[in-house]
Amino acid sequence: MKHLLKMMDLTNGDITEILNLADQLKYEQKHGIAHKVLAGKTLGMIFEKASTRTRVSFEVGMYQLGGLPIFLSAGDLQIGRGEPVQDTARVLSRYLDGIMIRTYKQAEVDALAKNGTIPIINGLTDYAHPCQVLADLMTIREYKGALEGLKLCFIGDGNNMMNSLIVGGLKMKMEVAVACPAEYRPNPAVRDFAAAHPAFSMTTDPLDAARGADVLITDVWASMGEEGEAEKRRKAFRGYQINDEVLAAAKPDAMVQHCLPAHRGEEITAKAFEAHAKEIFDEAENRLHAQKAVLVKLLGNK
Ligand code: CP
Ligand code: NVA
């Protein structure tokens with residue numbers, strides 16, 4: 001594993017290794033055991049979109065590992081004035097030990113990886129959010145003990161989260177059921193991948209997808225960059241919500257995950273959110289531990 005660009009690139013073994021290391025790092029951090037294994041290493045963090053969790057968890061994570069995080073707002077970089085990503089990659093490779101990037105196009109992240117010589121971590125694109133999905137899988141495993149055979153249900157938009165959860169869930173041998181309006185399906189490459197797995201199903205009916213689920217997951221109806229479509233999407237996604245009815249269709253001990261930020265009253269009711277807040281904020285915390293595992297694996301001395 002040289003980069004973390006999307007879940008599709010990871011094997012079941014890679015994911016298991018990251019989750020095991022994340023559990024270990026979490027244990028060490030909780031017990032005051034220092035693990036400054038990235039002393040002397042630097043991580044550049046390029047943000048072309050807003051962030052609370054990703055920025056803070058990567059910054060704190062690098063600090064706890066003994067390394068230096070450098071926050072780079074895309075608006076302040078020459079890349080924001082048109083310097084090609086190929087040149088940016090070659091320059092930054094001379095200074096840094098790794099780059100985390102949050103941007104719009106997956107192609108930009110792939111171009112950094114192709115042209116640079118250091119590990120690239122996708123901190124969210126329109127296509128994928130692998131850091132979040134690793135944290136979700138870590139949290140689900142923490143609560144349920146294992147992943148294989150569990151039913152994961154995602155209700156909502158065929159966005160970066162749905163794309164990455166489908167791939168991550170299927171790679172971990174989970175049953176994956178998604179519900180989305182017909183015109184908001186996941187990416188075609190993800191659908192092709194999923195079509196080869198009998199454990200995958202896609203429907204327009206949220207209750208169908210939720211039936212017997214161990215984990216219910218949702219995300220905003222309009223992602224970053226889609227603010228102009230918010231009104232149209234509010235209509236298209238009405239009913240694609242985690243609420244009492246959907247919870248009743250799932251297993252009685254079903255857990256809920258939400259990558260946050262959440263829009264109460266849209267993709268999840270305030271009641272469902274608060275009833276499952278513990279799991280949701282454990283998920284947010286696990287961003288820190290899962291990403292530290294990724295950093296150690298990619299930037300650590302082999
Ligand atoms: N879930 C997530 O990636 O949050 P931020 O947008 O706050 O980083
Ligand atoms: N799908 C959302 C996830 C935010 C963490 C977005 O891309 O805005």
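In each ligand, atom 1 is the first atom listed, and ligand 1 is the first ligand listed.
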Discussion item. Can you report which non-hydrogen protein atom sits closest to atom 2 (C) of ligand 1, along with the distance?
Written reply: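 Looking at atom 2 (C) of ligand 1, the protein heavy atom closest to it is R287 NH1, 3.3 Å.
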
Item to complete: Starting from atom 7 (O) of ligand 1, locate the nearest protein heavy atom and write down its residue, its atom name and how far away it is, to 0.1 Å.
Response: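 Nearest neighbour among protein heavy atoms for atom 7 (O) of ligand 1, to 0.1 Å: T52 N, 2.6 Å.
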
Worksheet item: Does any N/O atom on S223 come nearer than 3.5 Å to any N/O atom on ligand 2?
Response: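 In this structure, S223 places an N or O atom under 3.5 Å from an N or O of ligand 2.
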
Item to complete: Examine H129 against ligand 2 and note whether any of their N/O atoms are separated by less than 3.5 Å.
Response: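 So ligand 2 has no N or O lying under 3.5 Å from an N or O of H129.
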
Item to complete: Evaluate the criterion salt bridge (charged side-chain N to carboxylate O under 4.0 Å, His left out) for residue pair R264 and E274; output intermediate values, then yes/no.
Response: CA-CA 10 Å; R264 291 165 176 79; E274 290 308 329; 3.3 Å; yes

Item to complete: Give a yes-or-no answer on whether the side chains of N122 and Q106 include a donor-acceptor pair shorter than 3.5 Å.
Response: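 Result is yes, a qualifying pair exists.
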
Worksheet item: Between E267 and H258, do the side chains contain an N or O donor and an N or O acceptor separated by less than 3.5 Å?
Response: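 Looking only at side-chain atoms, H258 and E267 do form a donor-acceptor pair, the distance falling under 3.5 Å.
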
Discussion item. Once you restrict to heavy atoms under 4.0 Å, what part of L260 touches ligand 1? Side chain, backbone, both or neither.
Written reply: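 It is the backbone that gets close, since no side chain atom is under 4.0 Å.
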
Discussion item. Is the contact between Q132 and ligand 1 made by the side chain, the backbone, both, or neither, using heavy atoms and a 4.0 Å cut-off?
Written reply: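 The part of Q132 near ligand 1 is the side chain, not the backbone.
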
Worksheet item: Quick one: CG on D214 to CG on D253, what's the gap to the nearest 0.5 Å?
Response: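 The CG atom of D214 sits 6.5 Å away from the CG atom of D253.
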
Worksheet item: Going from CD on Q132 to CG on L165, what distance comes out if it is rounded to the nearest 0.5 angstrom?
Response: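 If I round to the nearest 0.5 Å, the distance is 8.5 Å.
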
Fill in: Option passing side-chain hydrogen bond (donor to acceptor under 3.5 Å, both in side chains) with H289 (candidates R287, Q291, E285)
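Among R287, Q291, E285, the one meeting side-chain hydrogen bond (donor to acceptor under 3.5 Å, both in side chains) with H289 is E285.
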
Give the atom numbers and elements of ligand 2 that come within less than 4.0 Å of a heavy atom of [X].
{"X": "N160", "value": "1 (N), 2 (C), 6 (C), 7 (O)"}
{"X": "D219", "value": "1 (N), 2 (C), 3 (C)"}
{"X": "M224", "value": "6 (C), 7 (O), 8 (O)"}
{"X": "L260", "value": "5 (C)"}

Item to complete: List every atom of ligand 1 that sits less than 4.0 Å from any heavy atom of C259, numbering the atoms from 1 in the order shown and giving each element.
Response: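 Once the distances to C259 are compared, the set is 1 (N).
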
Fill in: Residues K6, D9; criterion salt bridge (charged side-chain N to carboxylate O under 4.0 Å, His left out); working and verdict
CA-CA 6 Å; K6 55 186 187 300; D9 301 336; 2.9 Å; yes

Discussion item. Heavy-atom distances under 4.0 Å decide this one: backbone, side chain, both or neither, for L124 against ligand 2?
Written reply: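 For L124, only side-chain atoms sit under 4.0 Å from ligand 2.
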
Practice prompt. Determine whether the side chain, the backbone, both or neither of D157 has a heavy atom under 4.0 Å from any heavy atom of ligand 2.
Written response: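 Neither; no heavy atom under 4.0 Å.
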
Item to complete: Measure the distances from the heavy atoms of T54 to every atom of ligand 2 and state whether one is below 4.0 angstrom.
Response: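 Outside the 4.0 Å threshold, so no.
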
Discussion item. Given M224, R53, R102, identify the one with the heavy atom nearest to atom 6 (O) of ligand 1.
Written reply: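 That would be R102.
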
Worksheet entry | Atom CZ of F281 with >12 non-hydrogen neighbours under 6.0 angstrom |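 Check passes, neighbour count above 12.
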
Discussion item. So for atom NZ, which belongs to K36, do other residues, nucleotides or ligands contribute more than 12 heavy atoms lying within a distance under 6.0 Å?
Written reply: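 Yes, enclosed.
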
Worksheet entry | salt bridge (Lys or Arg N to Asp or Glu O under 4.0 Å) partner of E226, chosen from R234, K49, R233 |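 That would be R233; it is the only one of R234, K49, R233 passing the salt bridge (Lys or Arg N to Asp or Glu O under 4.0 Å) with E226.
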
